[in-house]
Structures are given as C-alpha cells and as structure tokens.
*Asks:* 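I'd like to ask you about the structure that follows.
The first residue in the sequence is number 1, and the count goes up from there. Atoms within a ligand are numbered from 1 in the order they appear, just like the ligands themselves. Worth knowing before you read on, the calculation uses all heavy atoms, side chains too, and leaves out hydrogens, waters and symmetry mates.
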Amino acid sequence: MANGKYYDVLIIGSGPAGWTAAVYSARANLKTLLFTGLVAGGTPGGQLMLTTEVENYPGFAEGILGPELMDQMRQQALRFGTELVEDDVTRVDFGQKPLTVYVGDDAYHGKAVIVATGASAIWLGLDSEERLRGRGVSSCATCDGFFFRGKEIAVVGGGDTAMEEATYLTQHASKVTVIHRRDALRASKIMQDRAFNNPKIAFVFDNVVEEVLGENAVEGVRLRNVKTGEESTLPVQGLFIAIGHRPNTEIFRGQLDMDEPGYIIAHEHTATNVPGVFVAGDVRDHRYRQAVTAAGDGCMAALDAQEYITGEIWTDWAIGEEAVAASQV
Ligand code: FAD
Ligand code: NAP
C-alpha cells in the first residue's frame, strides 16, 4: 500500500459544489475528506466569500450574506463527519489506483475524487476596481443586476458574455454602456445584433478603463481612448467586468479531458474521462455559473461517486467492472 491517508471520497474545493458533495458523501457514511483551497480571494469558501447579499439561493426568503451561506454549508458538511484539509491541492495522480491527491509532499488516497475547484472571473487588475468590488464593481450580472434598478451602469468587454450581461442588465438599469478596447466586437453576430438593437445599450469603442471613480461606491470610470490617447469620464453607478473567466484546472492538465478554455468535460453525468473522478460546479459549467446549479452538481457528483464505489452503476459504461474492482482498495 502506498504511503498516505486513505479515504472513500476526496473532494477538492469548498464552494457550493464541494460542500454539497461533502454533505451527501459524509451523510452516506463514506469516509470523506475535503480540501478547502485558498485560491479564491485567499479564503476557503469559494466565490461567494467575495460577495454580500445572495438573494437567489432558494430557502432564504430574505436573502443571505455570501460568507454566511458558505459557513452554513460548511457546518452542515462537518455535522456529518467531513474531514478538512485547509490548503490547496498542489498536484494529483489519477494515472493509477488508488487515486492520489497531494498537498506538497502529503499524499491522500481516495476510491473516488470529486473536482469542484470552480472558476475565477478575470479582472482588469486596477487597484480602484479591487477596492470597489462588491460596492458597485461586479462580475456577475445575474447575481448583482437587481441592485442597479433605474441606474446607469457600464459593462467592460466585447465578447458574448459582455453582450449577454449588457442585454440582461437592461432589465434593471436605465442605461448600459458597453466599453470595449477595440472598434470591433468579438461576440457572435446574433449576440451583437441583440445588443445593437437594444435602445438602452450604448457603445464606447477603442477605450479602456484607467480608473474606477468613487470612494465607497462607484461614481464613474475614467477612460482612455487607445487610438488618440484622449481621456474622458463616464458617470455610472455600477461597473460589470465581463472579460472572461478562468477555470481553476491547471493541476489537472494532462490527466482530465478539458475543452479549449480549460473547463473539465463531464462525459456521462458527472463522470470525467478517469474512472472514479467526478466533476461539479463552475469548473465544468461555464454557462449557468450559479450557486444553486453548482450545489446541484455537487449533489449529483457525490451520488455518482457513491454508486461508483459500491459498483452499482458504470459497469455498462467505459469504466467497466475491472476498473470498479481496482478502485476498491
Ligand atoms: P467556487 O465557489 O468557485 O469554489 C471553488 C473552490 O475550489 C474554492 O473553495 C477554491 O478555494 C477551491 N479550489 C480551487 N483550486 C483549488 C485547489 N488547487 N485545491 C483546493 N481547492 C481549490 N451565484 C448565485 O447563485 N447567486 C449570487 O448572488 C452570486 N453572486 C456572486 C457574486 C460574485 C462577486 C461572484 C464572483 C460570484 C457570484 N455567484 C453567485 C456565482 C457563484 O458564486 C458561483 O457560481 C459558485 O460559487 C460556484 O461554485 P463552485 O463550488 O463550483 O466554485
Ligand atoms: P471572450 O470571448 O474571451 O471575450 C472576452 C472579451 O473581453 C473580448 O472582447 C476581449 O477583447 C475583452 N478583454 C479581454 N481582456 C481584456 C482586458 N484586460 N481589458 C479589456 N477587455 C478585455 O470571453 P467571453 O465573452 O466570456 O466568452 C467565453 C466563451 O463563452 C466564448 O466562446 C463565448 O462564445 C462563450 N459564450 C457564449 C454565450 C452564448 O452563446 N450565449 C454567452 C457567453 C459566453 P478582445 O476582443 O480585444 O480580445
């Protein structure tokens, strides 16, 4: 037997997907270890640690603060016996059984692994942007659009996400200005047309945001025209950054199948290409990116892992009985 500690299920990530997987796995009496990670803003708990009010997670009629919701999920997972490693996983070895996950030199072995490492929004990298995050600067229109009813806001980006966010935000805002660094959008024609035809959306091309203005809330943005160098100010009360997301998948490269931007591919239900490794949440889903969908995914991954371990399913799929037996270390 290899050195290290042995578990039934190893879960990587402590966002809604990871904690939900832990609740289901530990409650099914599987010996469960969850790696909380430190990468999402330096805090375990994932992306919701970076926000204030969450108003669309079912069960909280009056809304709940993001960090409070994550603490509730954590307590629920601990209640059923989930063990924690409060660190980042630094490398994985899915090439043999048992599946092995490393934190530095420490090895942890599992019959099944659930990858729930999420994705991170790409930001502009301005100090003023960071200071006003959650105070008018956001990366999620579905999450925060509601707070900008009747206000003038701006969206940065020229891709499909920017067009989608801008179009969505017109349901709430009185005016949405799309700021793009070139004079041509990257977005698909249909998404462009939808935005161009929306009377509430205006465009500022060839401009980049140099600074987000405001002390405690967004009051405007200082822009620079990249062709003329001319500076201008656009007064807005909200700024949505829509220049892409990056899935947290570096450590799985070469072992798990990914699409071109690096999101992990679930081949059947939540199963990846490696028998016994399952995936849940924003790390595979670049479409919905919601706490509730991530939590739902975490539930599915835990049920799939459970059935994989007991050999109840997957025998008619690529994994085969041999691999199932091999996983029963
Ligand atoms: P994440 O929440 O991204 O969690 C990933 C976890 O993996 C983190 O704990 C991270 O530390 C960990 N991790 C990463 N790499 C490693 C590693 N190598 N080792 C160990 N751990 C690792 N959604 C809503 O439904 N409603 C909202 O109101 C809402 N508001 C939002 C506001 C903001 C500002 C943001 C950024 C997002 C918001 N979202 C909201 C989206 C929601 O937060 C995500 O959809 C959800 O958190 C995804 O959950 P997840 O578990 O897949 O991933
Ligand atoms: P994307 O296609 O990579 O577009 C990112 C946009 O942000 C680009 O316009 C880019 O400018 C701009 N940008 C990048 N870094 C910037 C910076 N530092 N400062 C200013 N602008 C910056 O990303 P996405 O829009 O998130 O889309 C990702 C994928 O999801 C795409 O394949 C897209 O088609 C898909 N998607 C589809 C839908 C849909 O069909 N409904 C919706 C959303 C996303 P440049 O153009 O100059 O590079």
*Asks:* Just let me know how S138 lines up against ligand 1, side chain, backbone, both or neither, with a heavy-atom cut-off below 4.0 Å.
*Replies:*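 The answer is neither; S138 stays 4.0 Å or more away.
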*Asks:* Give the atom numbers and elements of ligand 1 that come within less than 4.0 Å of a heavy atom of R289.
*Replies:*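 Listed by number with element: 41 (C), 45 (O).
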*Asks:* Counting only non-hydrogen atoms of the protein, does one fall under 4.0 Å from atom 30 (O) of ligand 2?
*Replies:*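 Answer no: nothing from the protein, no heavy atom, is under 4.0 Å.
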*Asks:* Using a 4.0 Å heavy-atom cut-off, which part of T36 comes near ligand 1: side chain, backbone, both, or neither?
*Replies:*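 Backbone only.
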*Asks:* Which of the numbered atoms in ligand 1 are below 4.0 angstrom from a heavy atom of G13?
*Replies:*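 Selected atoms, number and element: 6 (C), 7 (O), 12 (C), 21 (N).
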*Asks:* Any heavy-atom pair between the side chains of L169 and F148 that's under 4.5 Å?
*Replies:*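 Not in contact.
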*Asks:* Looking at ligand 1, does any of its N/O atoms fall within less than 3.5 Å of an N/O of S139?
*Replies:*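 In fact, backbone or side chain, S139 has no N or O that close.
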*Asks:* Going only through I, L, V, M, F, W and Y residues with side-chain contacts under 4.5 Å, is there a path from V204 to M163?
*Replies:*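 No; tracing contacts between hydrophobic side chains, which count when under 4.5 Å, never links both residues.
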*Asks:* Give yes or no for whether the N/O distance cutoff of 3.5 Å, strictly under, is met between P16 and ligand 1.
*Replies:*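 Such a contact does occur with ligand 1.
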*Asks:* Heavy atom of G45 under 4.0 Å from ligand 1?
*Replies:*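 Yes.
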*Asks:* Counting only nitrogen or oxygen atoms and a 3.5 angstrom limit, does A291 reach ligand 1?
*Replies:*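 Yes: some nitrogen or oxygen of A291 is under 3.5 Å from one in ligand 1.
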*Asks:* Which heavy-atom pair separates V283 from N248 by the least distance, and what is that distance?
*Replies:*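 Of all heavy-atom pairs spanning V283 and N248, the closest is CG2-O, 4.2 Å.
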*Asks:* Give yes or no for whether the N/O distance cutoff of 3.5 Å, strictly under, is met between R182 and ligand 2.
*Replies:*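 Among all N and O atoms of R182, at least one is under 3.5 Å from an N or O of ligand 2.
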*Asks:* Which option, I190, D160, L126, owns the non-hydrogen atom nearest atom 36 (N) of ligand 2?
*Replies:*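 Result: the heavy atom closest to atom 36 (N) of ligand 2 is in D160.
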*Asks:* So, regarding G157 and ligand 2 (criterion: nitrogen or oxygen to nitrogen or oxygen, under 3.5 Å), is there a contact or not?
*Replies:*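 No - when backbone and side-chain N and O of G157 are compared with those of ligand 2, no distance drops under 3.5 Å.
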*Asks:* Under 4.0 Å, heavy atoms only, figure out whether ligand 1 is touched by the backbone of D285, its side chain, both or neither.
*Replies:*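 Under 4.0 Å from ligand 1, D285 contributes no heavy atoms.
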